[in-house]
Structure formats: C-alpha cells, structure tokens
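Heads up: the structure comes next, in structure tokens.
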Amino acid sequence: MAARAASISGDHSLAAERFAQLAASSSDSALRQKAIAEAISAGDMDLALRLVRQVPQASMSIDSKLLLTADALKRGQSAEALKILSKAGNDADLTFWAPLIEAWAAADRKDSAGALAILARVPKSSAFFPFVDEENALILLELGQSAQAEPYARRAIGKAGPREYRLRLALAAGFAAARDSARADMMLEGISGDTTELRQALRRSGLKSAAIDSANEAFSEQLIALALEMRRSQSASAAPVNIVQVARFAAPQNGSSAILLANLLAEQERLPDALAALHSIANDDPLKAEALDSEVRILARAKRYPEALQLAQAATNARGSTGSDFARLGDIYSAMDRNNEAAAAYGQALARADHNDKEQMWPLLLLQASALESADRWPEAKAALGSAIAIAPDEPLILNFLGYAKLEHGEDLEAAEALIRKASELAPDDASITDSLGWALYKRGRLEEAIEMLQKAAIGDPAQAEIQEHLGDALYAAGRRFEARFAWRAALATAEDEAVARIKSKIDAGLSQATAAP
C-alpha cells in the first residue's frame, strides 16, 4: 500500500524503494518488474540496474533491455549490447537496432566502408530504416569525412521531423569537429529565428555538447525519436517517460532528452522533477534557450506566473537578449491577460527580428495582433494582421484570425466570410477554421449551411467548447432547441471560466442577445 501510494503521489523514488523491498523477500516477478519501472521513472538507474540484473533476460521488459543496452554502450561493450538486444523475450523484438550498434563498432575501428556497408543492408521494412542517412552522416563526420557526409546529412534533416533543430546542431558540431566550418555553418542555415548566438557558440566551442559521436549517444537519440513517436500517437504515459529516462542515462549531456523528459513529467504533474531535469542543462548548452522556453511554459501551465514572468524578464534584461526572449515574455504576459504589455513585448521581438525571414515575421505579427485585439485595440490589431497577410498571403491562421475578428466586430461580413473560406480551402481539416466558416454563415443568416458546417467542426474537435457553443446557438436559432441544449451541455464540459455563466444561462433560459456567443 505504501509503495502504491508513493507511486500515485508522484514519489517514484520512494515507490521504487518500497517495491524493491517487497521484491527482495518475494518470488513474485511482477513486484520486481514494478520496482524496476518505478526506479527508471524516478531516474534512479543504480537501483534499476541492480534490480534488472536479478531478472532472467527471457522475462525482461522492454525498458529493462533498453537500460542494459544503454549501460553496455556507455561502457563501450558493443558485443554485450548486441547480445542483450538479440535475446528473445515476452515483449517487442528490438533487434532492428543491431545495425546501429554494429555500424558504430565499425566506426570505432576506423572502418568507414564497413560501417556504411552495414547500414546499406538495413531493409526498408525495418523500423530503423528512416534513420540510416542520419547514422551514415554522423559516422562519416566522426571519421572526418565531411564531404562524403554532406548528402547524407541533407537527407537526414529532411526526414528529422520534430528532431530537426536538434539534428542540425549535432551535424553542425560534427562538421566543426571535422574542421569543415563552411558545412557546419550550412547546417544552421535552416534554423528560423536569430542564430547569432548559435554561430558564436559554433566558433567558440564547436557546439561540442550537441555532438552525436559515439554509439551510446546515437542510441540515446534513437530512444528520443521513439518517445516522440509514442507521444504523437498516444497520450503521455509512463512508457515514454521511462524511455526518455533511459535516453538521458545513455547520454547525460544530451539536452534534448532533458527537455523532452521535463515536458512529459510536467504533463504527469511531476513539476519538481520536471524543473530539476531542465535545471540540469548547462548554461553553455545550445539548447539552453529551448530549456528556458519549456520552463516558462511549464510554470505558466501550473499558474506559477510570478516565477515564469521573473525568468522571462531576466532573459530580456540579459546582455545580448534576442527577439526570442521578448517573444517569450509576450507569451507570459498574454497568459496573464496583461495584453498591452504582451503587445509591447511582441513589438520588441519584431524590432529584433530578421525582416527578411518570413517564417519568423508573420507568427510574431499574429501574436502581436492577438494581444492588441484582446486589449481592445482593434485598429492596431487589424494593421498588424494586414502586415502579416502581406508577408504570408496564403497562411490559413492569419486569414482565419482576420476573418473571425471582422465577424466579432460586425465589420464587412462578406469580406470576413471570403477570408475564412479561403483559409478553409487551404486547411480543410482544421476544425477551428471550419467552425469560423460555420459561424460566418450563421452571422449572415444562412442557418442550414451554418449548422452543417458547425456539425462538421464538432465532429473534427468534439472537445472544443467554442465549437459546441456556436453549434448550440445555430441550432436554437433554427428552432432545434433540444439539440441546442445538448450542444451547450457539451460545451460546458470544457468551457473556460468566463464562458460558463453564459452557457449555463442559455441552457436554463434559451438564447438571447445577451447570452449569444461573441
């Protein structure tokens, strides 16, 4: 009971100790597996390894095998790692990672041809196949063959997805270590925003802390990719946390594992553990700014606004502060509903932005417009949106925002519908934009079309309160009052505090001018 209570309360270190004590005096393998899982979740790898080594390999969990593999690779024991992965067990087959270990073992022998030959034999059906170009590039860079690495590096970046920023840093570090400064710079060119500090760090230290130049570091990055895919395909659970904990153990200097771990822990409301993970990242780590972003967001989600604001303000007051620092400050002011200050912060971010970088400019203009609109400064918001559209005329988010704002202000409904309709054509599967189009039709009195569109939006995102409220209003106006109340009750389940009273009033007394959705 004490072990379970500790686990439920988030004290996974204590839970691991309690389960380990139980396992020591019991033949119940489930207790030992539970103790191992809790120890890994807590990041207590000494305890986890001690417990894992007491379990027959045939009955080991995936987490246990990954931990033993990471430990072997950290000790430079590739043959031992391969043996662990090759053992049959009750869970998934992990032998698809064998080529990674074999290729890096060849690299350790300075056998680049052998390493590339191993990777060339990876079948397309393998879960490891999408990472072959990445490993080719990293191994060639470790062996100083930068020209041969470049085409692999380019292809790897194109397939990196959410890991692109991290991979660009690793490749830049690899080219720098190979004394190829031109190609190192090239790896940073695709990063949006101000890269001045990164380039200075590249000149100063070669971004060594971001390097992936050994089997254990490559394996750590593979685990991060696995956890990101698990997170994308399902809600955060103990499994991704444990996998990222193993990734962090495999390469403690990998800042991306600490950031991902912190975000997963925060989602599980393990706030002290999340902040501790972020604080473990060194100040000179190129991912330190990303870690600060995560810390500020985590604190804001926990409603710890004074701490989040203090961090964001300190970054803007520091020497060499960037547009990103002011954008972060704007985000916190927005979360605190201090919209005038948010608009000013975004203005400072815009002043420091590269005006030739469209992908940097239009999001900042959109954020500034949102803050201005929330501060009841519509003319200025409209001007910011106009500037954003001039930069990115086919960006659905801008078109939808401007169109919906026009609806709210009762301004040129025909033009508003045209803007939203164009946004919907560009992003037909976006439920929020579909909702905007339905609301535009409702505002123009085309009830049946509006209801059809709003129902489509509600199917696309049934948990969004605004969509359900809009649908309820349209149904009520069409005389379908039972259905309207059903939609409003659905809206009430996820509505923000300021909308709750309005929705409750409609459920009780029906739609009126005073209770209509804005």
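Since the model is a prediction, treat every value here as computed from it, not as a measurement. Computation of the quantities below employed the complete heavy-atom set of this structure, encompassing side-chain atoms and omitting hydrogens, waters and symmetry-equivalent molecules.
Using a cut-off of 4.0 Å between Lys/Arg side-chain N and Asp/Glu carboxylate O, K443 and E408 are scored as not salt-bridged. Under the 4.0 Å criterion applied to side-chain N and carboxylate O atoms, K422 and E425 are not assigned as salt-bridge partners. Ion pairing of R168 with E189 is absent here, as no side-chain N (NZ or NE/NH1/NH2) approaches a carboxylate O to less than 4.0 Å. Salt bridge annotation for E417-K406: absent, with no cationic side-chain nitrogen under 4.0 angstrom from a carboxylate oxygen. Contact check on D435 versus K456 returns no salt bridge, with no Lys/Arg side-chain nitrogen under 4.0 Å from an Asp/Glu carboxylate oxygen. Classification of K382 and E411 as a salt-bridged pair holds, one side-chain N sitting under 4.0 Å from a carboxylate O.
When all heavy atoms are compared, the tightest approach of A210 to P286 is CB-CG, 3.9 Å. Shortest non-hydrogen contact noted between N339 and A375 is CB-CB, 3.8 Å. Considering all non-hydrogen atoms of both residues, Y442 and A477 come closest at CE1-CB, 3.9 Å. In plain terms, the two heavy atoms of L271 and R304 that are nearest each other are CD2-NH1, 2.9 Å. Closest heavy-atom contact between L364 and A353: CD1-CB, 4.1 Å. Closest non-hydrogen pair, D63 versus V246, comes out as O-CG2, 4.4 Å.
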Does the salt bridge (Lys or Arg N to Asp or Glu O under 4.0 Å) test come out yes or no for E134 and K159, once each step is laid out? CA-CA 9 Å; E134 179 177 329; K159 295 182 284 191; over 6 Å; no
Could you please spell out the steps behind the side-chain hydrogen bond (donor to acceptor under 3.5 Å, both in side chains) verdict for Q464 and S432? CA-CA 9 Å; Q464 190 176 145; S432 294; 3.2 Å; yes
Kindly determine whether Y346 and S334 satisfy side chain to side chain contact (heavy atoms under 4.5 Å, CB included), including the steps that lead there. CA-CA 10 Å; Y346 290 131; S334 291; 3.6 Å; yes
Evaluate the ring pair (Phe, Tyr, Trp, His ring centres under 6.0 Å) criterion for residues W97 and F219: first the C-alpha distance (whole Å), next the side-chain angles of each, then the deciding distance (0.1 Å), finally the verdict. CA-CA 8 Å; W97 270 320; F219 186 62; 5.3 Å; yes
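A donor-acceptor contact closer than 3.5 angstrom is absent between the side chains of W439 and D473. Counting only N and O atoms by type, the side chains of S280 and R248 include a donor and acceptor under 3.5 Å apart. Side chains of R377 and N340: a donor on one and an acceptor on the other come within 3.5 Å. Counted by atom type alone, S374 and R338 present zero donor-acceptor pairs between their side chains at under 3.5 Å. Inspection of the D325 and T316 side chains reveals no N or O donor paired with an N or O acceptor under 3.5 Å. In this model, a donor atom of one side chain and an acceptor atom of the other lie less than 3.5 Å apart for Q313 and Y333.
Taking the side chain to side chain donor-acceptor pair (under 3.5 Å) definition, one finds that S256 meets it with N254, sequence neighbours left out. E197 meets the side chain to side chain donor-acceptor pair (under 3.5 Å) test with no other residue; sequence neighbours excluded.
With hydrogens and angles ignored, the 3.5 Å screen pairs a side-chain donor or acceptor of S61 with a backbone N or O of S64. Side-chain N or O atoms of T515 include none that pairs as donor or acceptor with a backbone N or O of L511 at under 3.5 Å.
Taking the side chain as every heavy atom from C-beta outward, L169 and L188 approach each other to under 4.5 Å. Under the 4.5 Å side-chain criterion, counting only non-hydrogen atoms from C-beta, R352 is not in contact with T322.
Atom CD of E498 sits in a crowded spot, with more than 12 heavy atoms from other residues, nucleotides or ligands closer than 6.0 Å. More than 12 heavy atoms of other residues, nucleotides or ligands shown are found within 6.0 angstrom of OH on Y165.
Between the CD1 atom of I36 and the OG atom of S41 there is a distance of 13.5 Å, given to the nearest 0.5 Å.
Within the structure, side-chain hydrogen bond (donor to acceptor under 3.5 Å, both in side chains) pairs that include any residue of residues 353-373 comprise E373-H409 (at least two apart or interchain).
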